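Heads up: the structure comes next, in C-alpha coordinates.
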2 protein chains.
Amino acid sequence: MMEARHTSTSERRQAQLDALVDAAERRIATGGIKALKARDLAAEIGIALGGLYNLVPDLDELALRVSSRTLNRLGEALTATADRWPLATPDDAVNRLVAIAQAYLAFARGNLSLWRTLFELRLAGDAVLPEWAANDQLRLFHHIAEPLAVLLPQQTEAGRGLTARTLFAAVHGIVVIGLEDRLIAVPPQALNAQIEWLVRATCRGFST
Amino acid sequence: MMEARHTSTSERRQAQLDALVDAAERRIATGGIKALKARDLAAEIGIALGGLYNLVPDLDELALRVSSRTLNRLGEALTATADRWPLATPDDAVNRLVAIAQAYLAFARGNLSLWRTLFELRLAGDAVLPEWAANDQLRLFHHIAEPLAVLLPQQTEAGRGLTARTLFAAVHGIVVIGLEDRLIAVPPQALNAQIEWLVRATCRGFST
DNA sequence: GCCTCATGTGAACGGCGTTCAAAAAATGCC
DNA sequence: GGCATTTTTTGAACGCCGTTCACATGAGGC
(Lines give C-alpha, C1' and ligand atoms only; values in the text may rest on other atoms or scores of the structure.)
Protein backbone atom coordinates (compact mmCIF):
# COMPACT_ATOMS: atom_id res chain seq x y z
CA MET A 1 0.00 0.00 0.00
CA MET A 2 1.15 3.51 0.85
CA GLU A 3 2.27 5.15 -2.30
CA ALA A 4 1.88 8.77 -1.21
CA ARG A 5 3.10 9.86 2.19
CA HIS A 6 0.69 10.67 5.00
CA THR A 7 -2.13 8.95 3.12
CA SER A 8 -4.53 7.13 5.35
CA THR A 9 -6.63 4.28 4.09
CA SER A 10 -9.82 6.31 4.11
CA GLU A 11 -8.15 9.17 2.26
CA ARG A 12 -6.99 6.87 -0.47
CA ARG A 13 -10.40 5.28 -0.65
CA GLN A 14 -11.94 8.70 -1.13
CA ALA A 15 -9.47 9.50 -3.88
CA GLN A 16 -10.25 6.20 -5.56
CA LEU A 17 -13.96 6.88 -5.25
CA ASP A 18 -13.51 10.27 -6.86
CA ALA A 19 -11.52 8.73 -9.68
CA LEU A 20 -14.24 6.13 -10.08
CA VAL A 21 -17.01 8.69 -10.34
CA ASP A 22 -14.87 10.69 -12.76
CA ALA A 23 -14.39 7.66 -14.96
CA ALA A 24 -18.07 6.77 -14.74
CA GLU A 25 -19.04 10.29 -15.72
CA ARG A 26 -16.76 10.25 -18.73
CA ARG A 27 -18.07 6.89 -19.88
CA ILE A 28 -21.71 7.87 -19.51
CA ALA A 29 -21.09 11.16 -21.28
CA THR A 30 -19.54 9.29 -24.19
CA GLY A 31 -21.63 6.18 -24.52
CA GLY A 32 -24.68 6.59 -22.34
CA ILE A 33 -25.52 4.55 -19.30
CA LYS A 34 -25.11 1.36 -21.29
CA ALA A 35 -21.38 2.08 -21.38
CA LEU A 36 -21.01 1.77 -17.60
CA LYS A 37 -19.14 -1.56 -17.39
CA ALA A 38 -17.58 -2.79 -14.17
CA ARG A 39 -14.51 -4.28 -15.85
CA ASP A 40 -13.79 -1.16 -17.90
CA LEU A 41 -14.10 1.10 -14.90
CA ALA A 42 -11.86 -1.06 -12.73
CA ALA A 43 -9.21 -1.13 -15.45
CA GLU A 44 -9.43 2.63 -15.97
CA ILE A 45 -8.84 3.56 -12.36
CA GLY A 46 -6.30 0.79 -11.87
CA ILE A 47 -7.94 -1.49 -9.34
CA ALA A 48 -9.05 -5.07 -9.48
CA LEU A 49 -12.56 -5.92 -10.56
CA GLY A 50 -13.67 -6.88 -7.09
CA GLY A 51 -12.24 -3.69 -5.66
CA LEU A 52 -15.05 -1.69 -7.19
CA TYR A 53 -17.36 -3.10 -4.58
CA ASN A 54 -15.26 -1.68 -1.80
CA LEU A 55 -15.94 1.78 -3.20
CA VAL A 56 -19.54 1.44 -4.21
CA PRO A 57 -22.23 -1.17 -3.40
CA ASP A 58 -23.24 -1.60 -7.04
CA LEU A 59 -23.19 0.16 -10.40
CA ASP A 60 -26.61 1.69 -9.83
CA GLU A 61 -25.30 3.74 -6.96
CA LEU A 62 -22.39 4.79 -9.13
CA ALA A 63 -24.81 6.07 -11.76
CA LEU A 64 -26.67 7.83 -8.97
CA ARG A 65 -23.51 9.62 -7.90
CA VAL A 66 -22.89 10.74 -11.45
CA SER A 67 -26.49 11.92 -11.63
CA SER A 68 -25.98 13.94 -8.50
CA ARG A 69 -23.08 15.73 -10.13
CA THR A 70 -25.11 16.37 -13.25
CA LEU A 71 -27.98 17.73 -11.22
CA ASN A 72 -25.64 20.12 -9.46
CA ARG A 73 -24.13 21.33 -12.71
CA LEU A 74 -27.63 21.85 -14.03
CA GLY A 75 -28.43 23.84 -10.93
CA GLU A 76 -25.40 26.03 -11.46
CA ALA A 77 -26.31 26.63 -15.09
CA LEU A 78 -29.82 27.68 -14.11
CA THR A 79 -28.54 29.89 -11.34
CA ALA A 80 -26.14 31.61 -13.71
CA THR A 81 -28.99 32.22 -16.14
CA ALA A 82 -31.38 33.46 -13.48
CA ASP A 83 -28.80 35.90 -12.18
CA ARG A 84 -28.59 37.54 -15.57
CA TRP A 85 -32.27 38.51 -15.53
CA PRO A 86 -33.86 41.13 -13.28
CA LEU A 87 -36.92 40.31 -11.24
CA ALA A 88 -38.66 43.55 -10.46
CA THR A 89 -41.77 43.49 -12.60
CA PRO A 90 -44.09 40.69 -13.71
CA ASP A 91 -42.66 41.14 -17.20
CA ASP A 92 -39.21 40.49 -15.78
CA ALA A 93 -40.53 37.34 -14.17
CA VAL A 94 -41.89 36.03 -17.45
CA ASN A 95 -38.67 36.80 -19.26
CA ARG A 96 -36.65 35.08 -16.61
CA LEU A 97 -38.85 32.00 -16.76
CA VAL A 98 -38.36 31.87 -20.51
CA ALA A 99 -34.61 32.23 -20.07
CA ILE A 100 -34.51 29.46 -17.48
CA ALA A 101 -36.51 27.13 -19.67
CA GLN A 102 -34.18 27.76 -22.58
CA ALA A 103 -31.18 27.27 -20.34
CA TYR A 104 -32.67 23.91 -19.43
CA LEU A 105 -32.91 23.01 -23.10
CA ALA A 106 -29.34 24.18 -23.69
CA PHE A 107 -28.07 22.09 -20.80
CA ALA A 108 -29.88 19.00 -22.02
CA ARG A 109 -28.47 19.53 -25.51
CA GLY A 110 -24.96 20.06 -24.26
CA ASN A 111 -25.00 17.15 -21.82
CA LEU A 112 -27.26 14.79 -23.67
CA SER A 113 -26.18 11.45 -22.28
CA LEU A 114 -25.62 12.65 -18.75
CA TRP A 115 -28.92 14.50 -18.73
CA ARG A 116 -30.74 11.44 -20.05
CA THR A 117 -29.39 9.20 -17.33
CA LEU A 118 -31.01 11.53 -14.81
CA PHE A 119 -34.30 10.04 -15.93
CA GLU A 120 -33.29 6.59 -17.16
CA LEU A 121 -32.27 5.59 -13.69
CA ARG A 122 -34.93 3.38 -12.25
CA LEU A 123 -33.79 2.10 -8.90
CA ALA A 124 -34.56 -1.48 -7.96
CA GLY A 125 -37.79 -2.44 -6.24
CA ASP A 126 -37.46 -0.87 -2.82
CA ALA A 127 -37.25 2.56 -4.44
CA VAL A 128 -36.14 4.73 -1.56
CA LEU A 129 -34.89 7.99 -2.99
CA PRO A 130 -31.80 9.20 -1.10
CA GLU A 131 -32.61 12.47 0.58
CA TRP A 132 -29.68 14.33 -0.95
CA ALA A 133 -31.13 13.52 -4.35
CA ALA A 134 -34.44 14.97 -3.25
CA ASN A 135 -32.75 18.13 -2.01
CA ASP A 136 -30.96 18.53 -5.33
CA GLN A 137 -34.31 18.50 -7.05
CA LEU A 138 -35.96 20.91 -4.65
CA ARG A 139 -33.21 23.42 -5.25
CA LEU A 140 -34.01 23.33 -8.97
CA PHE A 141 -37.68 24.04 -8.41
CA HIS A 142 -36.75 27.10 -6.44
CA HIS A 143 -35.47 28.70 -9.62
CA ILE A 144 -38.96 28.47 -11.04
CA ALA A 145 -40.84 29.26 -7.86
CA GLU A 146 -38.93 32.49 -7.35
CA PRO A 147 -40.21 34.31 -10.45
CA LEU A 148 -43.61 32.80 -9.85
CA ALA A 149 -43.76 34.64 -6.54
CA VAL A 150 -43.60 37.90 -8.48
CA LEU A 151 -46.17 36.70 -10.95
CA LEU A 152 -48.58 35.21 -8.41
CA PRO A 153 -48.14 37.16 -5.20
CA GLN A 154 -51.58 36.25 -3.95
CA GLN A 155 -51.01 32.49 -4.15
CA THR A 156 -49.75 30.34 -1.31
CA GLU A 157 -46.24 28.97 -1.32
CA ALA A 158 -47.64 25.48 -1.82
CA GLY A 159 -49.78 26.57 -4.74
CA ARG A 160 -46.81 28.20 -6.42
CA GLY A 161 -44.80 25.04 -5.80
CA LEU A 162 -47.42 23.05 -7.61
CA THR A 163 -47.41 25.51 -10.50
CA ALA A 164 -43.64 25.41 -10.63
CA ARG A 165 -43.66 21.62 -10.88
CA THR A 166 -46.26 21.72 -13.62
CA LEU A 167 -44.41 24.32 -15.61
CA PHE A 168 -41.14 22.48 -15.26
CA ALA A 169 -42.72 19.21 -16.33
CA ALA A 170 -44.30 20.79 -19.39
CA VAL A 171 -41.02 22.32 -20.56
CA HIS A 172 -39.23 19.10 -19.73
CA GLY A 173 -41.69 17.21 -21.93
CA ILE A 174 -40.94 19.40 -24.92
CA VAL A 175 -37.22 18.90 -24.37
CA VAL A 176 -37.35 15.11 -23.85
CA ILE A 177 -39.42 14.49 -26.92
CA GLY A 178 -37.64 17.10 -28.96
CA LEU A 179 -34.21 15.59 -28.30
CA GLU A 180 -35.42 12.06 -28.93
CA ASP A 181 -34.68 11.26 -32.54
CA ARG A 182 -36.78 8.14 -32.46
CA LEU A 183 -39.99 10.10 -32.14
CA ILE A 184 -41.81 12.44 -34.42
CA ALA A 185 -41.51 15.62 -32.45
CA VAL A 186 -40.98 19.30 -32.55
CA PRO A 187 -38.06 19.72 -34.95
CA PRO A 188 -34.85 20.67 -33.10
CA GLN A 189 -34.49 24.10 -34.65
CA ALA A 190 -38.00 25.05 -33.52
CA LEU A 191 -37.52 23.95 -29.92
CA ASN A 192 -36.42 27.29 -28.53
CA ALA A 193 -39.33 29.12 -30.09
CA GLN A 194 -41.88 26.54 -28.99
CA ILE A 195 -40.62 26.55 -25.43
CA GLU A 196 -40.78 30.31 -25.31
CA TRP A 197 -44.29 30.24 -26.67
CA LEU A 198 -45.42 27.69 -24.11
CA VAL A 199 -43.96 29.55 -21.16
CA ARG A 200 -45.42 32.88 -22.26
CA ALA A 201 -48.80 31.31 -22.97
CA THR A 202 -49.02 29.70 -19.55
CA CYS A 203 -47.93 32.92 -17.90
CA ARG A 204 -50.71 34.77 -19.69
CA GLY A 205 -52.95 32.02 -18.36
CA PHE A 206 -52.26 33.21 -14.83
CA SER A 207 -53.94 36.56 -15.22
CA THR A 208 -57.17 35.32 -16.82
CA MET B 1 -44.36 -31.36 -37.28
CA MET B 2 -47.90 -30.72 -38.43
CA GLU B 3 -50.15 -30.79 -35.44
CA ALA B 4 -53.20 -28.99 -36.81
CA ARG B 5 -54.61 -29.90 -40.19
CA HIS B 6 -54.24 -27.60 -43.19
CA THR B 7 -51.62 -25.60 -41.34
CA SER B 8 -48.84 -24.39 -43.54
CA THR B 9 -45.46 -23.56 -42.17
CA SER B 10 -45.96 -19.85 -42.55
CA GLU B 11 -49.36 -20.00 -40.87
CA ARG B 12 -47.92 -21.76 -37.85
CA ARG B 13 -45.05 -19.34 -37.74
CA GLN B 14 -47.52 -16.50 -37.68
CA ALA B 15 -49.44 -18.16 -34.85
CA GLN B 16 -46.22 -18.64 -32.93
CA LEU B 17 -45.26 -15.04 -33.52
CA ASP B 18 -48.63 -13.90 -32.21
CA ALA B 19 -48.23 -16.08 -29.15
CA LEU B 20 -44.76 -14.65 -28.67
CA VAL B 21 -45.92 -11.06 -28.83
CA ASP B 22 -48.78 -11.94 -26.46
CA ALA B 23 -46.37 -13.42 -23.99
CA ALA B 24 -44.01 -10.48 -24.35
CA GLU B 25 -46.85 -8.05 -23.78
CA ARG B 26 -47.94 -9.85 -20.62
CA ARG B 27 -44.41 -9.94 -19.26
CA ILE B 28 -43.75 -6.26 -19.96
CA ALA B 29 -47.10 -5.30 -18.46
CA THR B 30 -46.23 -7.21 -15.30
CA GLY B 31 -42.54 -6.56 -14.82
CA GLY B 32 -41.51 -3.84 -17.22
CA ILE B 33 -39.14 -4.21 -20.11
CA LYS B 34 -36.54 -5.73 -17.78
CA ALA B 35 -38.76 -8.80 -17.54
CA LEU B 36 -38.38 -9.61 -21.23
CA LYS B 37 -36.12 -12.68 -21.03
CA ALA B 38 -35.47 -14.90 -24.01
CA ARG B 39 -35.51 -18.14 -22.01
CA ASP B 40 -38.75 -17.30 -20.20
CA LEU B 41 -40.50 -16.38 -23.42
CA ALA B 42 -39.36 -19.50 -25.24
CA ALA B 43 -40.55 -21.69 -22.38
CA GLU B 44 -43.88 -19.89 -22.18
CA ILE B 45 -44.79 -20.36 -25.83
CA GLY B 46 -43.33 -23.86 -25.92
CA ILE B 47 -40.42 -23.56 -28.32
CA ALA B 48 -36.70 -24.02 -27.93
CA LEU B 49 -34.53 -21.08 -26.99
CA GLY B 50 -33.02 -20.77 -30.43
CA GLY B 51 -36.44 -20.88 -32.04
CA LEU B 52 -37.16 -17.36 -30.90
CA TYR B 53 -34.76 -16.11 -33.51
CA ASN B 54 -36.80 -17.72 -36.25
CA LEU B 55 -39.71 -15.52 -35.22
CA VAL B 56 -37.93 -12.29 -34.42
CA PRO B 57 -34.41 -11.03 -35.14
CA ASP B 58 -33.81 -9.95 -31.56
CA LEU B 59 -35.59 -8.94 -28.38
CA ASP B 60 -35.54 -5.27 -29.30
CA GLU B 61 -37.79 -5.90 -32.26
CA LEU B 62 -40.08 -7.90 -30.01
CA ALA B 63 -40.38 -4.94 -27.68
CA LEU B 64 -41.03 -2.79 -30.72
CA ARG B 65 -43.92 -5.02 -31.75
CA VAL B 66 -45.40 -4.78 -28.29
CA SER B 67 -44.98 -1.02 -28.45
CA SER B 68 -46.84 -0.95 -31.73
CA ARG B 69 -49.78 -2.69 -30.08
CA THR B 70 -49.67 -0.29 -27.18
CA LEU B 71 -49.58 2.69 -29.51
CA ASN B 72 -52.61 1.37 -31.34
CA ARG B 73 -54.55 0.81 -28.14
CA LEU B 74 -53.64 4.33 -27.10
CA GLY B 75 -54.91 5.58 -30.42
CA GLU B 76 -58.20 3.78 -29.91
CA ALA B 77 -58.58 5.20 -26.43
CA LEU B 78 -58.00 8.73 -27.70
CA THR B 79 -60.38 8.20 -30.59
CA ALA B 80 -63.09 6.97 -28.24
CA THR B 81 -62.59 10.03 -26.07
CA ALA B 82 -62.55 12.45 -28.97
CA ASP B 83 -65.77 10.98 -30.33
CA ARG B 84 -67.55 11.82 -27.10
CA TRP B 85 -66.89 15.53 -27.47
CA PRO B 86 -68.47 17.83 -30.06
CA LEU B 87 -66.30 20.07 -32.18
CA ALA B 88 -68.50 22.91 -33.37
CA THR B 89 -67.24 25.92 -31.44
CA PRO B 90 -63.79 26.96 -30.21
CA ASP B 91 -65.01 26.19 -26.69
CA ASP B 92 -65.77 22.67 -27.84
CA ALA B 93 -62.28 22.39 -29.22
CA VAL B 94 -60.70 23.41 -25.94
CA ASN B 95 -62.87 21.00 -24.00
CA ARG B 96 -61.98 18.20 -26.34
CA LEU B 97 -58.28 18.93 -26.03
CA VAL B 98 -58.60 18.79 -22.27
CA ALA B 99 -60.47 15.50 -22.51
CA ILE B 100 -57.85 14.01 -24.82
CA ALA B 101 -55.03 15.09 -22.54
CA GLN B 102 -56.74 13.50 -19.57
CA ALA B 103 -57.43 10.37 -21.57
CA TYR B 104 -53.70 10.25 -22.25
CA LEU B 105 -53.02 10.45 -18.53
CA ALA B 106 -55.61 7.76 -17.84
CA PHE B 107 -54.07 5.46 -20.42
CA ALA B 108 -50.59 5.95 -19.02
CA ARG B 109 -51.88 5.24 -15.52
CA GLY B 110 -53.76 2.14 -16.60
CA ASN B 111 -50.94 0.75 -18.74
CA LEU B 112 -47.97 2.02 -16.83
CA SER B 113 -45.30 -0.48 -17.83
CA LEU B 114 -46.43 -0.83 -21.42
CA TRP B 115 -46.71 2.92 -21.82
CA ARG B 116 -43.26 3.42 -20.33
CA THR B 117 -41.64 1.02 -22.75
CA LEU B 118 -42.91 3.23 -25.56
CA PHE B 119 -40.25 5.68 -24.52
CA GLU B 120 -37.63 3.47 -22.92
CA LEU B 121 -36.93 1.80 -26.21
CA ARG B 122 -33.75 3.16 -27.63
CA LEU B 123 -32.86 1.28 -30.76
CA ALA B 124 -29.25 0.45 -31.42
CA GLY B 125 -26.92 2.82 -33.23
CA ASP B 126 -28.26 2.83 -36.77
CA ALA B 127 -31.57 4.20 -35.46
CA VAL B 128 -33.83 3.79 -38.44
CA LEU B 129 -37.38 4.10 -37.21
CA PRO B 130 -39.66 1.63 -39.04
CA GLU B 131 -42.19 3.58 -41.06
CA TRP B 132 -45.18 1.82 -39.56
CA ALA B 133 -44.07 3.14 -36.18
CA ALA B 134 -43.91 6.65 -37.60
CA ASN B 135 -47.40 6.28 -39.02
CA ASP B 136 -48.72 5.15 -35.65
CA GLN B 137 -47.37 8.33 -34.16
CA LEU B 138 -48.73 10.58 -36.88
CA ARG B 139 -52.21 9.20 -36.32
CA LEU B 140 -52.00 10.24 -32.68
CA PHE B 141 -51.08 13.80 -33.54
CA HIS B 142 -54.12 14.02 -35.73
CA HIS B 143 -56.30 13.83 -32.63
CA ILE B 144 -54.72 17.02 -31.42
CA ALA B 145 -54.46 18.76 -34.76
CA GLU B 146 -58.17 18.31 -35.45
CA PRO B 147 -59.45 20.52 -32.61
CA LEU B 148 -56.61 22.93 -33.28
CA ALA B 149 -58.03 23.48 -36.76
CA VAL B 150 -61.17 24.88 -35.13
CA LEU B 151 -59.15 26.96 -32.72
CA LEU B 152 -56.62 28.25 -35.24
CA PRO B 153 -58.40 28.34 -38.60
CA GLN B 154 -56.08 30.97 -39.97
CA GLN B 155 -52.91 28.93 -39.39
CA THR B 156 -51.30 26.64 -41.90
CA GLU B 157 -51.51 22.90 -41.57
CA ALA B 158 -47.80 22.78 -40.84
CA GLY B 159 -48.09 25.45 -38.16
CA ARG B 160 -50.90 23.58 -36.46
CA GLY B 161 -48.85 20.41 -36.66
CA LEU B 162 -46.04 22.12 -34.81
CA THR B 163 -48.44 23.42 -32.19
CA ALA B 164 -49.95 19.96 -31.81
CA ARG B 165 -46.53 18.45 -31.19
CA THR B 166 -45.67 21.12 -28.66
CA LEU B 167 -48.94 20.69 -26.81
CA PHE B 168 -48.62 16.93 -26.77
CA ALA B 169 -45.06 17.11 -25.51
CA ALA B 170 -46.01 19.49 -22.71
CA VAL B 171 -48.83 17.26 -21.49
CA HIS B 172 -46.62 14.24 -21.89
CA GLY B 173 -44.01 15.86 -19.70
CA ILE B 174 -46.48 16.38 -16.89
CA VAL B 175 -47.55 12.77 -17.17
CA VAL B 176 -44.05 11.26 -17.31
CA ILE B 177 -42.78 13.17 -14.34
CA GLY B 178 -46.03 12.83 -12.45
CA LEU B 179 -46.05 9.05 -12.75
CA GLU B 180 -42.38 8.74 -11.88
CA ASP B 181 -42.17 8.08 -8.16
CA ARG B 182 -38.44 8.67 -8.11
CA LEU B 183 -38.86 12.35 -8.81
CA ILE B 184 -40.35 15.16 -6.88
CA ALA B 185 -43.26 16.03 -9.09
CA VAL B 186 -46.84 17.08 -9.30
CA PRO B 187 -48.60 14.83 -6.79
CA PRO B 188 -50.69 12.14 -8.51
CA GLN B 189 -54.04 13.39 -7.26
CA ALA B 190 -53.37 16.84 -8.70
CA LEU B 191 -52.34 15.63 -12.14
CA ASN B 192 -55.76 15.88 -13.75
CA ALA B 193 -56.29 19.42 -12.55
CA GLN B 194 -52.83 20.57 -13.56
CA ILE B 195 -53.14 19.10 -17.01
CA GLU B 196 -56.48 20.79 -17.51
CA TRP B 197 -55.00 24.05 -16.35
CA LEU B 198 -52.07 23.79 -18.74
CA VAL B 199 -54.20 22.97 -21.75
CA ARG B 200 -56.67 25.77 -21.06
CA ALA B 201 -53.87 28.24 -20.42
CA THR B 202 -52.11 27.44 -23.66
CA CYS B 203 -55.38 27.63 -25.57
CA ARG B 204 -56.00 31.08 -24.13
CA GLY B 205 -52.52 31.88 -25.33
CA PHE B 206 -53.67 31.39 -28.90
CA SER B 207 -56.04 34.35 -28.90
CA THR B 208 -53.68 36.89 -27.38
C1' DG C 1 11.08 -11.11 13.13
C1' DC C 2 6.42 -12.40 13.59
C1' DC C 3 1.69 -12.42 14.35
C1' DT C 4 -2.76 -10.31 13.32
C1' DC C 5 -5.99 -8.32 10.71
C1' DA C 6 -7.77 -5.14 7.33
C1' DT C 7 -7.35 -4.65 2.41
C1' DG C 8 -6.92 -5.95 -2.43
C1' DT C 9 -7.27 -9.65 -5.89
C1' DG C 10 -9.09 -12.27 -9.82
C1' DA C 11 -11.09 -16.79 -10.61
C1' DA C 12 -15.56 -18.37 -10.40
C1' DC C 13 -20.75 -18.12 -10.34
C1' DG C 14 -25.08 -17.50 -12.21
C1' DG C 15 -27.58 -15.18 -15.75
C1' DC C 16 -28.03 -12.88 -20.00
C1' DG C 17 -28.80 -12.50 -25.51
C1' DT C 18 -27.38 -14.71 -29.41
C1' DT C 19 -25.30 -18.38 -32.55
C1' DC C 20 -24.78 -22.68 -34.89
C1' DA C 21 -23.75 -27.63 -35.71
C1' DA C 22 -26.48 -31.27 -35.44
C1' DA C 23 -30.94 -33.66 -34.94
C1' DA C 24 -35.54 -33.99 -36.42
C1' DA C 25 -39.25 -33.31 -39.38
C1' DA C 26 -41.26 -32.34 -43.75
C1' DT C 27 -41.08 -32.70 -48.68
C1' DG C 28 -40.11 -34.51 -53.27
C1' DC C 29 -39.36 -38.46 -56.07
C1' DC C 30 -39.41 -43.29 -57.47
C1' DG D 1 -43.64 -47.56 -48.78
C1' DG D 2 -38.65 -46.25 -49.01
C1' DC D 3 -34.99 -43.25 -49.75
C1' DA D 4 -32.64 -38.57 -50.63
C1' DT D 5 -32.97 -33.74 -50.04
C1' DT D 6 -34.32 -29.70 -47.99
C1' DT D 7 -36.36 -27.09 -44.24
C1' DT D 8 -37.14 -26.39 -39.54
C1' DT D 9 -36.19 -27.03 -34.63
C1' DT D 10 -33.19 -27.86 -31.05
C1' DG D 11 -30.27 -26.94 -26.97
C1' DA D 12 -25.35 -26.85 -26.00
C1' DA D 13 -22.02 -23.48 -26.34
C1' DC D 14 -20.09 -18.65 -26.72
C1' DG D 15 -19.03 -14.26 -25.04
C1' DC D 16 -20.22 -10.81 -21.97
C1' DC D 17 -22.28 -9.10 -17.92
C1' DG D 18 -22.61 -7.74 -12.52
C1' DT D 19 -21.45 -9.58 -8.36
C1' DT D 20 -19.19 -12.70 -4.81
C1' DC D 21 -15.68 -14.81 -2.04
C1' DA D 22 -11.69 -17.75 -0.75
C1' DC D 23 -7.33 -16.47 -0.85
C1' DA D 24 -2.96 -13.66 -1.22
C1' DT D 25 -0.79 -9.48 0.10
C1' DG D 26 1.08 -6.11 2.82
C1' DA D 27 0.77 -2.80 6.84
C1' DG D 28 1.00 -1.95 12.02
C1' DG D 29 1.87 -3.49 16.77
C1' DC D 30 4.79 -6.19 19.64
Side-chain angles (χ1 to χ4, degrees), chain A residues 1-21 23-24 27-28 30-66 117 120-126, chain B residues 1-21 23-24 27-28 30-66 117 120-126:
Chain A
M1 199 206 281
M2 178 70 61
E3 64 181 20
R5 232 188 306 239
H6 303 309
T7 294
S8 75
T9 299
S10 73
E11 281 169 343
R12 199 200 42 243
R13 283 271 263 257
Q14 188 56 50
Q16 282 182 331
L17 180 57
D18 290 347
L20 177 60
V21 181
R27 294 191 111 84
I28 291 181
T30 305
I33 201 171
K34 305 280 306 271
L36 210 63
K37 306 299 173 99
R39 285 168 177 79
D40 293 348
L41 289 165
E44 180 162 344
I45 67 171
I47 64 173
L49 176 56
L52 277 189
Y53 298 90
N54 296 330
L55 304 176
V56 131
D58 54 38
L59 290 191
D60 278 3
E61 165 137 352
L62 185 52
L64 212 66
R65 285 182 189 264
V66 173
T117 70
E120 283 176 357
L121 223 79
R122 190 162 335 279
L123 24 156
D126 53 354
Chain B
M1 200 207 284
M2 177 69 62
E3 64 180 19
R5 228 187 311 238
H6 302 310
T7 294
S8 75
T9 298
S10 74
E11 281 169 342
R12 197 200 45 242
R13 284 271 262 257
Q14 187 55 51
Q16 282 183 329
L17 180 57
D18 290 347
L20 177 61
V21 180
R27 293 190 111 85
I28 291 181
T30 304
I33 202 171
K34 304 279 307 267
L36 211 63
K37 307 297 172 100
R39 285 167 177 81
D40 293 348
L41 289 165
E44 179 163 342
I45 68 172
I47 63 174
L49 175 57
L52 278 188
Y53 299 89
N54 296 331
L55 304 175
V56 131
D58 54 37
L59 289 192
D60 277 3
E61 165 137 352
L62 185 54
L64 211 66
R65 284 180 188 266
V66 173
T117 69
E120 284 176 356
L121 224 77
R122 188 159 342 273
L123 22 154
D126 53 355

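Everything numeric here is computed off the predicted structure, so don't read it as measured data. What you see below is based on every heavy atom in this structure, not just the backbone, and it leaves out hydrogens, waters and symmetry mates.
- Checking D/dC17, D/dT9, C/dT9 against every side-chain atom of B/Asn54, the shortest atom distance belongs to D/dT9.
- Residue A/Ile47 contributes atom CD1, which lies 21 Å from atom P of D/dA24 at whole-angstrom precision.
- With rounding to whole Å, B/Asp60 atom CG is found 16 Å from C/dC16 atom P.
- Residue contacts for A/Asp58: at a heavy-atom cut-off of 4.0 Å it reaches the sugar-phosphate backbone alone, with no base atom in range.
- Side-chain atoms of A/Ala48 lie closest to C/dG10 of the nucleotides D/dG18, C/dG10, D/dT9.
- For residues 31-51 of chain A, the set of pairs meeting the side-chain hydrogen bond (donor to acceptor under 3.5 Å, both in side chains) definition, not counting sequence neighbours, comprises A/Arg26-A/Glu44, A/Arg27-A/Glu44.
- If you take CG of A/Leu52 and C1' of D/dG18, they are 10 Å apart, rounded to a whole angstrom.
- Residues meeting the side-chain contact (heavy atoms from CB on, under 4.5 Å) test with B/Asp18, sequence neighbours left out: B/Gln14.
- Among residue pairs with one or both ends in residues 45-55 of chain B, none qualify as salt bridge (charged side-chain N to carboxylate O under 4.0 Å, His left out); sequence neighbours excluded.
- A/Leu36 comes within 4.0 angstrom of the backbone, heavy atoms only, and of no base.
- In this structure, the side-chain contact (heavy atoms from CB on, under 4.5 Å) partners of B/Asn54, at least two apart in sequence or on a different chain, are B/Arg13.
- Applying the side-chain contact (heavy atoms from CB on, under 4.5 Å) rule to B/Ala38 yields the partners B/Leu49, B/Leu52, B/Tyr53, B/Leu59; only residues at least two apart in sequence or on another chain are considered.
- For the pair A/Leu59 CG and D/dC17 P, the computed distance is 11 Å after rounding to whole Å.
- Rounding to the nearest 0.5 Å gives a distance of 9.0 Å between CZ of A/Arg65 and CG of A/Leu20.
- Here the P atom of nucleotide C/dG17 and the CG atom of B/Leu20 are 13 Å apart, to the nearest Å.
- Proximity note for A/Lys37 (side chain, C-beta onward) versus D/dT19, C/dT9, D/dC17: the nearest is D/dC17.
- As a whole-Å value, the separation of A/Lys34 NZ from D/dG18 C1' is 14 Å.
- Looking at heavy-atom distances under 4.0 Å, B/Leu55 makes no contact with the nucleic acid at all.
- Residues A/Ile28 and A/Leu36 have side chains in contact (heavy-atom distance under 4.5 Å, counting atoms from C-beta outward).
- Evaluation of atom-type donor-acceptor distances gives no pair under 3.5 Å for the side chain of B/Arg39 against the base of C/dG15.
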Using nucleotides 19-24 of chain C, report all nitrogen or oxygen pairs with the protein that are shorter than 3.5 Å.
none

